[in-house]
Amino acid sequence: MDDLYEWFRDFYHTTGINLPFIYDSYDRDRMIDGFLTTVELSVICLFLSVVIGIIGAWLQGSAFTWTRRIVSGYIQLFRNTPPLVQLYFFYFAIGSALPRVETEWGGQAPMLSSFAWAVISLSFFAGAFNVEIFRSGIESVPKSTVEAAESLGFSRLQIYWDVTLPLALRVVLPSLNNNLVNLVKTTTLAYAIAVPEMLYVSAQIWSDNVNVPEMMIFLLIAYFVLVGILVWGMNRWERALKIPGFGS
Amino acid sequence: MTQPPLSQPPSGKKTDMAVMLPFKQKSYERFRIELKPWHGVLLAMVCFFTTTYGYATTGPEVDSILTVMLRWIPLLLKGFLFNILISVLSMAVGTAVGTMLGLAQISLIGPVRHSSWFVTQFFRNAPWLVLLFFAMYLLPFEFNIGGITIPFPDWVKAIIGLSLPVMANVSEVVRGAVLSLPSGQWEAAESLAYTRRQTLWLIILPQCVKRMLPPWMNLYSILTMATVLAFIVGVPEVMTLTGRALAAEGERTDLLAPFYSFVLFLFFIYCYPIARWTVYLESKFAVKN
Amino acid sequence: LAQADALDDIKAAGVIKVGVKADYKPYGFLDPSGAIIGLEPDLAQDVADRLGVKVEFVPVVSSNRMQFLEQGKIDLMIATMTDRPDRREVVLIPDPNYYSSGTNVLALKKFGLKSWEDLRGKPVCGIQGAFYNKKTGEEYGADIVAFKGTAEAYAALKQGSCVAFVYDDSAIVAKTKEPEFADYEMPLPTIDDAPWGLAVQLGQTAFADFMSKTIIDWHKTGKILELETKWGVPNTPFAKAMHDKYK
Amino acid sequence: MSWSDKEPMISVRNVHKSFGDFEVLKGVSFDVMKGEVICIIGPSGSGKSTLIRCINALNDINEGSILVEGQEVNDPKLNKLELRKKVGMVFQQYNLFPHKTALENVMMAPIRVLKEDKKEVEARARALIKKVRLEGKENAYPGELSGGQQQRVAIARSLAMKPDVMLFDEVTAALDPETVGEVLITIKELAEEGMTCILVTHEMGFAREVADQVYFTDKGLIVEHGAPETFFENAKDPRTKQFLSQIL
Amino acid sequence: MSWSDKEPMISVRNVHKSFGDFEVLKGVSFDVMKGEVICIIGPSGSGKSTLIRCINALNDINEGSILVEGQEVNDPKLNKLELRKKVGMVFQQYNLFPHKTALENVMMAPIRVLKEDKKEVEARARALIKKVRLEGKENAYPGELSGGQQQRVAIARSLAMKPDVMLFDEVTAALDPETVGEVLITIKELAEEGMTCILVTHEMGFAREVADQVYFTDKGLIVEHGAPETFFENAKDPRTKQFLSQIL
Ligand SMILES: Nc1ncnc2c1ncn2[C@@H]1O[C@H](COP(=O)(O)OP(=O)(O)OP(=O)(O)O)[C@@H](O)[C@H]1O
Ligand SMILES: Nc1ncnc2c1ncn2[C@@H]1O[C@H](COP(=O)(O)OP(=O)(O)OP(=O)(O)O)[C@@H](O)[C@H]1O
Ligand SMILES: [Mg+2]
Ligand SMILES: [Mg+2]
């Protein structure tokens, strides 16, 4: 292992291609942390944003005007403002207004860390889009299928859970896929509130080592792999959900 | 001759599965009735003022938050104009190149199709921020072609960096719209002896424009929101200026909330009408077909 | 590319492009009209006056200033950059140094920090692109939480997200004098008391010579001390020492 | 409850129904006795579907009354679930749940709505599938079934709820002549077993064979009705005559 | 060119066509003389649509030959544009261009493809629209026309190219009996004027009235054919008999 690291150090000296996150143990550790942070952030946000989408779409069909208004307001506010500014706003403005908790180093830290705010903010941002995506999927389930369920005596919640949602899911999978890919890409914004994800770590490394092109290419490859895994997973899911005669 | 009204217009494609009916996006009817634009403005104002007064703990010797805000708003507005300028130009460049790329994606020539597909996927899957970093660090600040120096100032770099993902997304929009037309349209045109080129330009694309408009506008709105990322490149856009304004005011922490909610507010009043217009067009076209 | 003489180019163009900070009060920051002002812009203005050209300020941040110079986007960089050997490989830093500061932290008095080791395992705010981030992290084991600008870092410090803010000592000294930061102190021994270097492109020796003379002149005439006073910074030992040396 | 077999199973009285300004039903009345089979024919848009949807409370009515086993359908306090246990409906477009197999389609409502025992329901469902002559197709998804087969699953699905009345809405419109034949045989068997049926159909041949009464609707009114023999041979109303003459 | 009126206008010889492993046409042969009208009937999925799409070179064939006016359709060197000027096709789903009015739909191909004079084409198009009895609907968009009206515009659109042969694919399947009548009258008039027509249809009544020859297809083969009188009254093949017996 050490030989490999040394090889990369020599590689730098002989070719000028500098990959300190391989040979330098400090940079390596923080890059691994950064990668894991990105993965963790992505996975949590993916999950939450889908849950928000499902619940929001359900609430959108609610009989209470005010429920629908609040959901609409949420969607419009979140999808019409830049997620970067949302992050800043959440972290600095809302964050410091929250109650504080005692930290292990004896300070009074805000209840939520920058990571938590990134999770909240990005989930709600992607969730706003997901609500609309699920909503359009639900709309695309023909009224007649819902009526068939109605005429068999299903309740509203039963229809949503047993008929509408499973069918809508199949219709919206491509756009959901698209939005989730976007979400993974958007996690880079957490960089701005100092969540040590991959871009943040890379930027630190390239300002220490002045090796921007190398880091940039590494970042592109890393995101390709991550997005690739997501797309692969979504495609498998799509295949698993496939039913004959549906969406050939 | 009596014309019995058709209870159901014939849909473009025959399927046994009713579920496969074309996507109809009339879902937004509700928004239109219940959420008026001023609701959004109201919401943003509430955000703005609550935070402004929520932090009104300033002593007598410092300027009040409102005074500070008023001092900087003209500059911030100028910065926001820059955001809009960048968004418009990136959209124009991205659309022009992206349309070509999208058409290349449905080309009958294999290599053209495959390479344009690859380019599209490449720029679609890269994070915007990384592409901007790319444009900023890896593009020269000026280009030398045969003695003529073409300068690449920051804002040009920002436009290039932003038009790359726009291009890739437009490419997909074009391809998707063309493929979403029922194949019957191609066949009808073919059986009337249209050439492929004629079919594309006379029959397919005119119908696609309508289908492309909503996603295209959606993309524009996303792009506009992404222009704040140009802070990376150091363009004096609104986020950059906000950061600098805060520094110039001596890092007063009570200023963060009002400043950021002001920026949120600016984007909201610009993007929300676009979003609503998009929804309107979407539902309008959905009914027509 | 580098070997055309920059001085001639600047004079021919009638304008010198100087990279300065725009978010680092008082060394370089904005006034509400959008113009960049501060200690370093004043120095840049002086350089332009000496050359008889106009000055154009290009705002830079720590993470891009060297690229800008390498690319030729700016002719001269006066942007709070610490003079370090590895940087001298990338840009040309004329001697002597025009300014100096060390690295220290701003922290709540009640934490009673004593040594840099006290930071181990704790979150410490910083600025993205600062060279001491890595050192603080690597040697003293602090968790660096780096923000884009100082405003964000101060805000994070104040809301309690980090135990301290690692930054240039001269800025911290000024900060502790503000009423808002009355509860804060600069508790640690300054490390890395490192000189700041302004920089030109590698190979621009003529320009560098000119800048060397200019810097000596600044020290000799006490211009630096004068500007410190103008922008509200207590006179630093380095500036005083240099003035004495060249007087 | 005061209703007895001697009274009409379904009693439609002066029913008016508008969509916005457009009056679809303009005063329709008829009775159906237990075990009777009636066919409703008429041009497209004359309100046939609307009429039978009203009987199942899928649409509400503006005026008049609809009694099913003596119970007012249009009563806002009516328990729709109870009504729908009594009245089964088969749609023109089948409206099977595409994500469920044939057997699951049949079993779902009794299990989820009537909360019946799964084993029992399965036995009954298999018997029904046999009855509509689809043995071997239990595990096929709707997409894997031909139109006629799907239609028969839809019938089985309704029958699984053990309704007293079955409503059929143009169940054969989109099928080829052979498949039409298959579906009609199934309905004929039901009729012979004494199920009360209301059929909307364009298949005059079938109406002639199976109906006790044929009703002709035009522009929201019942223009003419009678036993099939008299209806098809001696239609009196000019509109009916014209319609019948169009049939090749 | 060596072809003369005496020879078959269309000559289909032992045509085989597979989609992947699935052989849809298994050796189909027949001839159509100039001015003849033939009807193809048969169960769903028997390959009727595929067959007429092959004649128009919308599908290619795996084996056999199709001659139109003596020209091999399956010849890779064939100028498909020339073929399609001779052979018009009307689709079951109409496939009108929704962004053009009825008149523009009819005029577009002659102007853009045949480069004919606009004035002349317009006169002809108006005459055609009159012929299909749609005067007054010239400026209506397809979305504003009923199914039967759209179908007639589609017929006019094909006729505007002055084809020698017209192919009709189940043009009435989705229409109600009255509208069917309207469309069939139009086709009948064409047949009377001596147009060579190939029709795929489920309307036995129409086949009986207008066809010179009726072909019955099953599982990719022509099972039986004959003049309508003999075909409908004295079908010999058991499959044909069974099919015809299903028709009520
Ligand atoms: N939800 C609705 N809103 C407005 N108009 C409607 C609605 N449902 C039906 N209609 C109209 O009511 C009329 C009757 O429709 P209905 O479906 O009952 O006709 P139908 O006799 O079943 O015709 P078909 O034979 O074509 O099925 C039609 O003109 C239709 O356009
Ligand atoms: N593109 C295709 N790929 C695979 N199979 C196909 C394709 N097109 C048609 N088929 C199959 O070929 C068979 C014949 O189809 P075709 O459309 O010719 O039938 P048809 O006789 O016109 O039936 P219908 O009366 O239902 O229109 C069907 O089983 C169909 O599933
Ligand atoms: Mg109906
Ligand atoms: Mg067919």
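The chains referred to below are lettered A, B, ... by the order of the sequence lines, with proteins before strands, and numbering in each begins at 1.
- Between Val263(B) and Phe89(A) there is no side-chain heavy-atom pair separated by less than 4.5 Å.
- Distance check: Trp128(B) CH2 to Thr188(A) OG1 gives 11.5 Å after rounding to the nearest 0.5 Å.
- When all heavy atoms are compared, the tightest approach of Phe224(A) to Phe122(B) is CZ-CA, 3.5 Å.
- With a 4.5 Å cut-off on side-chain heavy atoms, Lys185(A) and Leu131(B) do not count as touching.
- Using a 4.5 Å heavy-atom cutoff, the side chains of Asn125(B) and Tyr223(A) are not in contact.
- Minimum heavy-atom separation, Asn178(A) to Arg124(B): OD1-NH1, 3.3 Å.
- Residue contact with chain A, scored on non-hydrogen atoms closer than 4.5 Å, is absent for Tyr270(B).
- Residue Glu172(B): no heavy atom, backbone or side chain, is found under 4.5 Å from chain A.
- Across Tyr272(B), Phe265(B), Phe268(B), a single residue satisfies side chain to side chain contact (heavy atoms under 4.5 Å, CB included) together with Thr81(A), and that is Phe268(B).
- Contacts with chain B were tallied for Leu226(A), Asn182(A), Ile217(A), Leu199(A); Leu199(A) has the most, counting heavy-atom pairs under 4.5 Å.
- Atom CZ of residue Phe134(B) and atom CG of residue Leu219(A) lie 9.5 Å apart, to the nearest 0.5 angstrom.
- Chosen from Ser221(B), Cys271(B), Ala226(B), the residue pairing most often with chain A at heavy-atom distances under 4.5 Å is Cys271(B).
- No hydrogens or angles considered: nothing links the side chains of Arg276(B) and Asn80(A) as a donor-acceptor pair under 3.5 Å.
- Counted within 6.0 Å of CZ on Phe118(B), heavy atoms from surrounding residues, nucleotides or ligands total 12 or fewer; the atom is thus considered open.
- Surrounding CZ of Phe124(A) are at most 12 heavy atoms belonging to other residues, nucleotides or ligands under 6.0 Å away.
- Taking the six-membered ring where tryptophan is involved, the planes of Trp206(A) and Phe133(B) are perpendicular, since the angle between them exceeds 60° and thus also 30°.
- For Val85(A), the parts sitting under 4.5 Å from any heavy atom of chain B are the backbone and the side chain alike.
- Nearest heavy-atom pair across Met216(A) and Val130(B) is SD-O, 3.9 Å.
- Between the CZ atom of Phe123(B) and the CG atom of Leu220(A) there is a distance of 8.5 Å, given to the nearest 0.5 Å.
- The line from CD1 of Ile222(B) to CZ of Phe129(A) is 4.5 Å long, rounded to the nearest 0.5 Å.
- For Tyr88(A), the parts lying near chain B are the backbone and the side chain together; criterion is any non-hydrogen pair under 4.5 Å.
- At least one side-chain heavy atom of Arg79(A) sits under 4.5 Å from a side-chain heavy atom of Asn218(B).
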